[in-house]
Amino acid sequence: TAEGLFLLRGGGLQDHSDMEAERLLRHLLQLACLGAVTSGLLQEPKLSVPSYLEEGTGDVAVCRVPDVNTPESLLIEMDIGGQKLDTTQHRNVNTEVAEATISHRKAGDYTVTCSVTLGDETKTARAKILVYRFPAPDLSILEEDDEGGPLVITCTLPPADLKNVSINITVKDAALTCERTDHLQHTCSIPATKEHNGKQVTCDVTMPVGDTVITKTVTETLNIEYPPEFPDELCPINQTLSEGALSVVLCRADGNPPPTVNCEKDGNLYEGATLLLVTFNHSGEYRCRAYNKHDQAVN
């Protein structure tokens, strides 16, 4: 201390009192001690980022600094490709944690950086991330979808610089053999049948990204129209009702659009599922007719 005081005085502080010189010396020594305390205490940060990120979407990057044993605040800054990220920061026991949402609007390889500063010491961690472009496919079905007509299904990707994409179209989980217009479009044509009605058409598009495969899926439900018919289970030919009971003369029809069903006996008109208080007069033969916009059926 005496040597330091002598140096201070020799450095142009002769006009100050001994008390003032000693105060300045103590201040300088405190600063030096603080630097000695913080220097070397900063551990290497650990940066966690996803390996892949779709263009225009977001994900979370986390930067952790372990073994923080000083009350001093750490300054943590993060960026992607030089673009600064908004971070939130907190301390969990003795680990400083910073999080940021990362995103980018342009496909390419980028570096995510986490820089941590304590006092005059800074340490940096870096990680690579691949931002890829993979637009969603479009699934179209030709509207000429009456039974027996052609069912034309097309799955298309928007124009993009996509490589090694694979398109697979299925109906009722059965894969179709399709014409490949180009690597971004497949078209299938099959005869429409009533069994297709209500079934799902699925287009799966896969694309390799780095060491993984990304899949995008789009589905549509088929609407195949067909004329009415009377399956035995919907309109049994022989029905037995108990006199005095509330019962139904059951007759329904299959068809799309759903057909209207009317049954007639002795000039009386009944709907296809009419609740009756059964009498002996209800015995006999009923003539039922089902119709929709395509045709009619009689039973």
Side-chain angles (χ1 to χ4, degrees), residues 23-137 157-158 160-166 204-219:
R23 188 186 69 78
L24 291 173
L25 175 61
R26 286 177 178 173
H27 180 65
L28 292 173
L29 289 174
Q30 286 174 352
L31 293 177
C33 289
L34 178 60
V37 169
T38 59
S39 179
L41 292 183
L42 185 60
Q43 302 296 315
E44 295 289 342
K46 302 181 184 302
L47 179 59
S48 300
V49 301
S51 300
Y52 315 105
L53 182 66
E54 185 174 357
E55 179 184 79
T57 66
D59 209 331
V60 178
V62 181
C63 187
R64 294 180 176 86
V65 185
D67 302 327
V68 180
N69 296 311
T70 173
E72 300 298 320
S73 298
L74 276 64
L75 174 63
I76 302 181
E77 296 179 311
M78 301 173 67
D79 70 75
I80 176 172
Q83 176 183 322
K84 188 175 180 180
L85 301 173
D86 293 329
T87 63
T88 59
Q89 188 174 328
H90 66 277
R91 187 169 295 185
N92 184 7
V93 189
N94 64 342
T95 299
E96 194 79 11
V97 181
E99 297 182 353
T101 299
I102 54 174
S103 64
H104 211 288
R105 295 189 176 276
K106 187 177 181 180
D109 293 297
Y110 295 92
T111 299
V112 180
T113 302
C114 174
S115 297
V116 184
T117 301
L118 176 63
D120 60 357
E121 186 177 12
T122 299
K123 292 190 176 182
T124 301
R126 296 178 175 84
K128 295 289 187 180
I129 186 171
L130 173 61
V131 179
Y132 65 90
R133 186 182 185 194
F134 191 6
L157 284 167
D161 184 19
L162 302 177
K163 298 179 180 178
N164 301 320
V165 293
S166 175
D204 292 306
V205 182
T206 59
M207 182 179 74
V209 176
D211 58 0
T212 191
V213 175
I214 307 296
T215 301
K216 289 203 170 181
T217 299
V218 61
T219 62

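Computed from a prediction, not measured in an experiment: that's the story for all the values here. All values below were derived from every heavy atom in this structure, side-chain atoms included, with hydrogens, water molecules and symmetry-related copies excluded.
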Value rounded to 0.5 Å, distance of [atom1] in [X] from [atom2] in [Y]:
| X | Y | atom1 | atom2 | value |
| --- | --- | --- | --- | --- |
| Arg91 | Ser73 | CZ | OG | 7.0 Å |
| Met207 | Arg133 | CE | CZ | 10.5 Å |
| Glu72 | Leu42 | CD | CG | 12.5 Å |
| Lys123 | Ile76 | NZ | CD1 | 13.5 Å |
| Leu53 | Ile129 | CG | CD1 | 4.5 Å |
| Arg105 | Thr57 | CZ | OG1 | 10.5 Å |

Taking the side chain as every heavy atom from C-beta outward, state whether Thr87 and Cys114 have any atom pair closer than 4.5 Å.
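No - every pair of side-chain heavy atoms lies 4.5 Å or more apart.
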Heavy-atom pair with the smallest gap, counting every atom of [X] and [Y]:
| X | Y | result |
| --- | --- | --- |
| Pro45 | Val65 | CB-CG2, 4.1 Å |
| Glu54 | Phe134 | OE2-O, 3.1 Å |
| Arg126 | Thr111 | CB-CG2, 4.0 Å |
| Asp67 | Gln43 | CB-CG, 3.9 Å |
| Lys46 | Pro66 | CE-CG, 4.3 Å |
| Val49 | Lys128 | CG2-O, 4.0 Å |

Taking [X] for the side chain and [Y] for the main chain, is one N or O donor matched with an acceptor at less than 3.5 Å?
| X | Y | answer |
| --- | --- | --- |
| Glu55 | Ala107 | yes |
| Tyr52 | Asp211 | yes |
| Gln89 | Leu74 | yes |

Do Met78 and Leu47 pass the side chain to side chain contact (heavy atoms under 4.5 Å, CB included) test, and can you show the C-alpha distance, the side-chain angles, and the key distance before you say yes or no?
CA-CA 10 Å; Met78 301 173 67; Leu47 179 59; 3.9 Å; yes
Distance only, no hydrogens: is a donor on one side chain within 3.5 Å (strictly under) of an acceptor on the other, for Thr206 and Thr215?
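There is no such pair between these side chains.
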So with a 6.0 Å cut-off around CG of Asp86, is the heavy-atom count from everything else above 12?
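It does not: Asp86 CG has 12 such atoms or fewer within range.
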